[in-house]
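What you see below is based on every heavy atom in this structure, not just the backbone, and it leaves out hydrogens, waters and symmetry mates. Since this is a predicted model, take the numbers as computed values, not measurements. Ligands are counted one by one from 1 in listed order, and the atoms in each one are counted from 1 as well.
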Amino acid sequence: MIVDSHNHLTKYSPDASQTREEMMQAATEIGLHGIVTTDHYDIGSITAYGQEWVFDPVEYCEDIYPHRRLPSRRQKDDPPGFLCGAEIGYIPEYIDRLNKLMTDYPWDIVIMSLHLVHGIDPFHEPEKIYKPSLEDTFREILEVIAESAEMMPTANIIGHYDYFSRYGPQEKSKMLYRHAPREFDHLFRIMIKNGQALEINTGTVEKLHLNRGYPLEEAMPDAEILARYKELGGTLISISSDAHHTNQVGRLVPETCAWLHKQGITDYVWFEERKPIKGTFEADENLLTALDKKS
Ligand SMILES: [Zn+2]
Ligand SMILES: [Zn+2]
């Protein structure tokens, strides 16, 4: 019964291939309680696709909004809920424009994500971002993510804190609490003060598992990160597949829920009209080991 809070559509995100109808079909097939489209709004990010990663918010909301169905009101046998959101890339130079974007449109969910550091994309130019030690790299990145949470206090979710785990030159590139304990604490304190949720992004889990050779359970977020977040008083966890293609909708969500269960986490959150809604989930902890045996 999960609402998957972070997904992309081909019409608005240049790196996605699924239509809204295809995404809804996939969400229905795998039994999601709801799904949210959160397309990229990344000012200044111009990539191989040759266009800036922004959409026209008026057109977007006019197109998406009429299809909304609140997961909180979903009845048995209804199709999955559907919500309207945006994934905003943090660019300090454009804070005023980004804050205006957040307030001027009827989003259910705003995700604040860091994709570029000092204007550099880790996917295209990793050598300009990654330092010889993961500690130095992740400390710097977490400081910028904390700044984004502080400067955009009304953003609902801090997206994929571990995005930079995906592209490091180190073989074992997963972000751990011990790489940057002070920076993690600082970030969590800001998020907790602002009521911002910590996103568990199964896209990162999948990439670490498939591309970096981590067994599935080790590809999950660092347990110490979750433990520290809870210890500091954090209660808002969001679950996201960050699907760009239909075969990614809900990817590894059951396994991730099983892992969260093992960490003592049995509820999560999504947002409707920017307000948090709590959900609970059941999970089969055997899923994790079963999958590792298969792979
Ligand atoms: Zn992202
Ligand atoms: Zn995304």
Q: Starting from the Zn ion (ligand 1), look over the N/O/S atoms of His160 and name the nearest one.
A: NE2

Q: Looking at Glu87, pick out the N, O or S atom nearest to the Zn ion (ligand 2) and give its name.
A: OE1

(Q) Just by distance, no angles: are the side chains of Ser113 and Glu87 close enough, under 3.5 Å, to form a donor-acceptor pair? (A) yes

Q: Provide the closest heavy-atom pair for Pro221 versus Trp259 in the form atom of the first, atom of the second, distance.
A: O-CZ2, 3.0 Å

Q | Donor-acceptor side-chain pairing of Arg166 and Thr204 below 3.5 angstrom | A | yes

Q.
Quiz question: by atom type and distance under 3.5 Å, do the side chains of Glu255 and His209 form a donor-acceptor pair?
A. no

Q | Of all N/O/S atoms in Asp242, the name of the one nearest the Zn ion (ligand 2) | A | OD1

Q: Please state whether the separation between the Zn ion (ligand 1) and some N/O/S atom of His115 is under 2.8 Å?
A: yes

Q: For residues Ser241 and Asp4, report the shortest heavy-atom separation together with the two atoms involved.
A: OG-OD2, 2.5 Å

Q: Answer yes or no for His8: is there an N/O/S atom below the 2.8 Å cut-off from the Zn ion (ligand 2)?
A: yes

